[in-house]
Chemist: 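Dropping a structure here in structure tokens format, bear with me for questions.
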Amino acid sequence: MSLEKLINEGAKIIDVRSPMEFAGGSVPGAINIPLNEVANRVDEFKAMEGPLVLCCMSGNRSGQACAFLGSQGIECYNGGSWYDVNALVPQA
């Protein structure tokens with residue numbers, strides 16, 4: 001399934017950048033959970049409905065988070081750069 005279809009169907013967008021980076025610009029509606037907190041917040045991820053699309057600045061950190069969460073049985077996809085994910089979000 002394409003990232004655009006996942007996003008259009010309501011996938012949660014998780015931005016794994018630092019809070020400072022996130023405050024500088026982000027995908028509307030995205031949840032900020034920094035990469036260094038991912039392992040400690042697995043239960044929070046498991047409680048989220050549906051698939052997750054992770055993003056960061058370049059796709060590196062979101063790729064690391066996605067690999068870890070996938071190993072925990074969580075359905076997630078690496079969206080890469082938050083700019084790329086933002087371009088896929090329907091504009092209001």
Side-chain angles (χ1 to χ4, degrees):
M1 184 177 291
S2 75
L3 287 176
E4 185 171 18
K5 185 169 175 59
L6 286 166
I7 291 167
N8 285 330
E9 292 180 356
K12 295 264 189 301
I13 300 170
I14 310 296
D15 190 320
V16 298
R17 295 177 297 151
S18 72
M20 187 182 304
E21 289 173 293
F22 186 76
S26 62
V27 178
I31 300 166
N32 182 221
I33 301 178
L35 178 62
N36 65 334
E37 296 179 16
V38 169
N40 295 326
R41 296 174 71 175
V42 170
D43 290 339
E44 190 176 336
F45 283 102
K46 287 184 177 181
M48 293 180 188
E49 295 287 323
L52 309 175
V53 173
L54 279 60
C55 62
C56 62
M57 182 56 78
S58 67
N60 186 0
R61 286 175 280 181
S62 55
Q64 292 175 51
C66 205
F68 173 76
L69 293 171
S71 75
Q72 301 297 307
I74 297 168
E75 182 184 3
C76 58
Y77 301 87
N78 185 0
S81 165
W82 76 270
Y83 293 110
D84 294 338
V85 172
N86 194 47
L88 300 175
V89 173
Q91 302 303 312

Chemist: Under the side-chain contact (heavy atoms from CB on, under 4.5 Å) rule, what do L3 and V85 come out as? Steps first, then yes or no, please.
Modeler: CA-CA 8 Å; L3 287 176; V85 172; 5.5 Å; no
Chemist: Show me the pairs that pass salt bridge (Lys or Arg N to Asp or Glu O under 4.0 Å) and involve residues 25-34, at least two apart or across chains.
Modeler: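 Applying salt bridge (Lys or Arg N to Asp or Glu O under 4.0 Å) to every pair that reaches into residues 25-34, excluding sequence neighbours, yields nothing.
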Chemist: Members other than I74 in its cluster, when Ile, Leu, Val, Met, Phe, Trp, Tyr link by side-chain heavy atoms under 4.5 Å?
Modeler: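 Under the 4.5 Å side-chain rule, I74 groups with I14, V16, I31, I33, L35, V38, V42, F45, M48, L52, L54, F68, L69.
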Chemist: Which of these passes side-chain contact (heavy atoms from CB on, under 4.5 Å) with R17: S58, C55, C56, P34?
Modeler: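 With R17 as partner, S58, C55, C56, P34 yield a single side-chain contact (heavy atoms from CB on, under 4.5 Å), made by C56.
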Chemist: Name all residues meeting the side-chain hydrogen bond (donor to acceptor under 3.5 Å, both in side chains) criterion together with N78; count only those two or more places apart in sequence or in a different chain, and write none if there are none.
Modeler: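 For N78, the residues satisfying side-chain hydrogen bond (donor to acceptor under 3.5 Å, both in side chains) (neighbours in sequence not counted) are S62.
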Chemist: Going by heavy atoms in the side chains, are C76 and V53 under 4.5 Å from each other?
Modeler: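 No; the side chains remain at least 4.5 Å from each other.
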Chemist: Scan for side-chain hydrogen bond (donor to acceptor under 3.5 Å, both in side chains) pairs involving residues 18-36, sequence neighbours excluded, and state none if there are none.
Modeler: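 Qualifying pairs: S18-E21, E21-R61.
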Chemist: Does anything in residues 44-54 form a salt bridge (Lys or Arg N to Asp or Glu O under 4.0 Å)? List the pairs, not counting sequence neighbours.
Modeler: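 Qualifying pairs: R41-E44.
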Chemist: Is there any salt bridge (Lys or Arg N to Asp or Glu O under 4.0 Å) pair reaching into residues 63-84, and which pairs are they, with sequence neighbours excluded?
Modeler: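 Checked against salt bridge (Lys or Arg N to Asp or Glu O under 4.0 Å) - neighbours excluded - no pair reaches residues 63-84.
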Chemist: Are Y77 and V27 connected in the hydrophobic side-chain network, where two residues link if heavy atoms are under 4.5 Å apart?
Modeler: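 Shared cluster, yes.
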Chemist: Whether the side chain of N86 engages the backbone of W82 through a donor-acceptor N/O pair (distance < 3.5 Å, no angle test) should be reported.
Modeler: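 Such a contact is absent between N86 side chain and W82 backbone.
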